[in-house]
*Asks:* 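Dumping the structure here so I can ask a few things about it.
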Amino acid sequence: MADKTILIVDDTPANIAAALAILKDQYRTKVATSGAKALEHAGAADKPDLILLDVTMPEMDGYEVCARLKADPETASIPVVFLTARTEAEDEAKGFELGSVDYIHKPFNPTVVRARVATHLLLRDTLKEIEERNAALDEKTRMLESLSVNLSKYLSPQVYASIFAGSRDVELATERKRLTVFFSDIKDFVATTADIQPEDLTAMLNRYFTAMSKIALAHGAHIDKFIGDAMLMFFGDPETKGAEEDARACVRMAVAMQRQMVELQQEWRASGFEQPFQMRIGINTGYCNVGNFGSEDRMDYTIIGAEVNLAARIQAAADPGGILISYPTWALVRDIVRTEERGNIAAKGIRREVRVFAVAGILDDHGPVPAARP
């Protein structure tokens with residue numbers, strides 16, 4: 001340990017000479033003959049790695065020196081070993097109370113001094129290494145937490161939570177489940193936005209998606225994706241409260257979204273947009289394949305199946321500002337909604353005609369779904 005520096009603090013030349021004789025061949029050494037000089041050396045840029053400190057010194061004794069060292073954050077970590085003629089138990093106890101790491105009585109055995117100095121230097125190095133590793137781990141943890149938060153914005157909260165909890169494997173696998181599928185679109189989006197500047201359009205879409213996403217998450221929806229101006233969501237996986245409650249949550253969410261759209265339309269008109277967005281919503285309940293699709297290197301947690309396509313077709317038949325639901329969904333929610341039957345519609349790609357109902361409101365609510373203004 002020739003690279004280590006030992007500060008010997010004593011006002012007696014004979015004691016200093018004895019300590020130097022023991023340590024000089026193994027360590028760099030410095031000497032201070034007073035408490036004030038000891039504090040000066042300890043506070044310097046090239047701080048000692050360990051201090052051998054006598055107790056009995058004029059003006060400032062070793063106890064006060066130790067107390068000041070430990071009170072200063074710059075010197076508190078330097079190990080202090082008392083090397084003193086005081087042998088009373090209370091003297092030794094006081095030294096430890098002040099923060100020393102050892103207490104060696106004079107006359108001392110050179111072998112003991114060398115062994116204890118080496119031990120405390122090793123302990124200090126070990127503690128320093130542990131602190132540095134912990135600091136590095138803390139920094140990595142903060143980086144991972146930040147990365148985790150950023151990545152969570154690309155995943156639904158349900159999928160994100162299930163992956164981090166270990167309840168969902170990240171592998172190509174799907175299940176067949178009964179889900180309630182939500183699909184929405186902006187009526188005449190291309191025509192409506194033809195004269196809107198890209199920056200304004202981006203702001204409007206982000207405002208729209210942000211508002212709708214907050215409602216979706218509050219009702220427990222899995223937000224599958226945004227497709228241009230469209231939104232695909234579903235209920236029933238990775239968490240479910242049963243087919244009936246999933247469907248009810250979806251319809252309640254849709255009503256809340258259309259009410260929010262009225263507020264957004266007022267906001268957009270106040271900003272100078274004569275034809276603000278109008279949303280149409282289609283909801284369908286049926287069996288879909290749900291899970292991870294894609295490749296081993298790039299997966300997408302989503303749903304596929306005819307029932308998903310049907311939700312999109314039903315949406316296209318909805319009134320602007322309206323909510324249209326299929327018969328299977330209506331059967332699950334009929335006790336909580338006011339509806340108007342719209343008969344059967346022919347949906348592209350669907351062999352059968354589809355019986356649909358327009359949602360007028362929630363029975364335990366205070367009013368109907370507000371009609372969107374043209």
*Asks:* Search all heavy atoms of Lys177 against all heavy atoms of Gly236 and return the closest pair with its distance.
*Replies:*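 Closest approach of Lys177 to Gly236: CD-O, 4.2 Å.
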*Asks:* Are Lys241 and Asp246 close enough for a salt bridge, meaning some N to O gap below 4.0 Å?
*Replies:*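 Judged by the 4.0 Å cut-off on N to carboxylate O distance, Lys241 and Asp246 do not form a salt bridge.
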*Asks:* If you count the non-hydrogen atoms of other residues, nucleotides and ligands that lie under 6.0 Å from CZ in Arg133, is the total more than 12?
*Replies:*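 No.
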*Asks:* So do the side chains of Gln197 and Leu201 get within less than 4.5 Å of each other, counting heavy atoms only?
*Replies:*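 Gln197 does not reach Leu201 side chain to side chain.
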*Asks:* From Thr180 OG1 over to Glu307 CD, what is the distance, rounded to the nearest 0.5 angstrom?
*Replies:*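 Here the interatomic distance stands at 10.5 Å.
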*Asks:* Tell me if the NZ atom of Lys70 is crowded by more than 12 foreign heavy atoms within 6.0 Å.
*Replies:*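 Above 12, so yes.
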*Asks:* Between the side chains of Lys30 and Thr5, does any donor sit under 3.5 Å from an acceptor?
*Replies:*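 Their side chains do not contain a donor-acceptor pair, so the 3.5 Å distance test is not met.
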*Asks:* If hydrophobic residues (ILVMFWY) are linked whenever their side-chain heavy atoms come closer than 4.5 Å, directly or via other members, who joins Leu127 in its cluster?
*Replies:*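 None, because no other hydrophobic side chain comes under 4.5 Å of this residue.
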*Asks:* Would you indicate whether Glu267, at its atom CD, is surrounded by more than 12 heavy atoms from other residues, nucleotides or ligands within a distance under 6.0 Å?
*Replies:*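 Above 12, so yes.
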*Asks:* Would you call the rings of Phe277 and Tyr208 parallel, tilted or perpendicular, where under 30° means parallel and over 60° means perpendicular?
*Replies:*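 Taking Tyr208 first and then Phe277, their aromatic rings stand perpendicular (interplane angle over 60°).
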*Asks:* Do the side chains of Arg355 and Glu341 get close enough for a salt bridge, i.e. N-O under 4.0 angstrom?
*Replies:*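 Salt bridge flag = yes for Glu341 with Arg355.
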*Asks:* Identify the heavy atoms of Val255 and Ile323 that sit nearest to each other, and give their distance.
*Replies:*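 Taking every non-hydrogen atom into account, N-CD1, 3.6 Å.
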*Asks:* With a 4.0 Å cut-off, would you call Asp125 and Lys4 a salt bridge?
*Replies:*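 Lys4 and Asp125: salt-bridged.
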*Asks:* When you group the ILVMFWY residues by side-chain heavy-atom contacts below 4.5 Å and let the links chain together, are Ile215 and Phe235 in the same group?
*Replies:*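 Hydrophobic grouping puts Phe235 with Ile215.
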*Asks:* Report yes if the side chains of Phe182 and Leu232 come closer than 4.5 Å at any heavy-atom pair, otherwise no.
*Replies:*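 Side-chain contact under 4.5 Å: no.
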*Asks:* Answer yes when Asp319 and Arg280 have at least one side-chain N-carboxylate O distance shorter than 4.0 Å, and no when they do not.
*Replies:*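 Answer for the salt bridge query: no.
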*Asks:* How many angstroms lie between atom CD1 of Ile51 and atom CD1 of Ile6, to the nearest 0.5 angstrom?
*Replies:*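 With rounding to 0.5 Å, CD1 (Ile51) is 9.5 Å from CD1 (Ile6).
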*Asks:* For residues Arg252 and Ile336, determine if any side-chain heavy atom of one lies less than 4.5 Å from a side-chain heavy atom of the other.
*Replies:*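 Yes, their side chains come closer than 4.5 Å.
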*Asks:* What residues, two or more places apart in sequence or in another chain, satisfy ring-ring contact (aromatic ring centres under 6.0 Å, His included) together with Phe234?
*Replies:*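 Phe234: ring-ring contact (aromatic ring centres under 6.0 Å, His included) contacts with His222.
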*Asks:* Using every non-hydrogen atom in the two residues, find where Ala38 and Val65 come nearest and quote the distance to one decimal.
*Replies:*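 Closest pair (atom of Ala38, atom of Val65, distance): CB-CG1, 4.2 Å.
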*Asks:* List the residues meeting ring-ring contact (aromatic ring centres under 6.0 Å, His included) with Phe357, not counting sequence neighbours, and say none if there are none.
*Replies:*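 Per chain and number, Phe357 pairs via ring-ring contact (aromatic ring centres under 6.0 Å, His included) with Trp330.
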*Asks:* In Å and rounded to the nearest 0.5 Å, what is the CG to CG distance from Leu53 to Asp61?
*Replies:*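 Reported to 0.5 Å precision, the distance equals 8.5 Å.
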*Asks:* Are Leu52 and Leu98 grouped together when hydrophobic residues (ILVMFWY) are joined by side-chain heavy atoms under 4.5 angstrom apart?
*Replies:*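 Unlinked, Leu52 and Leu98 end up in two clusters.
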*Asks:* Check Arg259 with Glu263, please: is the shortest side-chain N to carboxylate O separation under 4.0 Å?
*Replies:*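 Salt bridge between Glu263 and Arg259, a charged N being under 4.0 Å from a carboxylate O: no.
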*Asks:* Would you find more than 12 non-hydrogen atoms of other residues, nucleotides or ligands less than 6.0 Å from Glu59 atom CD?
*Replies:*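 Atom CD in Glu59 is not packed in, count stays at 12 or less.
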*Asks:* Before accepting this row, confirm whether a basic side-chain N of the pair Glu90/Lys94 lies closer than 4.0 Å to the acidic partner's carboxylate O.
*Replies:*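 No, no charged N to carboxylate O under 4.0 Å.
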*Asks:* For Tyr327, is the OH atom crowded, meaning more than 12 foreign heavy atoms sit under 6.0 Å from it?
*Replies:*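 Atom OH in Tyr327 is not crowded, with 12 or fewer foreign heavy atoms closer than 6.0 Å.
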*Asks:* Under 6.0 Å between the ring centres of Phe82 and Tyr63?
*Replies:*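 Centroid distance Phe82-Tyr63: below 6.0 Å, so yes.
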*Asks:* Could you check whether any side-chain heavy atom of Ile314 comes within less than 4.5 Å of a side-chain heavy atom of Phe183, counting everything from C-beta outward?
*Replies:*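 No, side chains not in contact.
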*Asks:* Is there a side chain to side chain donor-acceptor pair (under 3.5 Å) between Lys225 and Thr302? Walk through the geometry before answering.
*Replies:* CA-CA 8 Å; Lys225 58 177 64 73; Thr302 188; 3.0 Å; yes
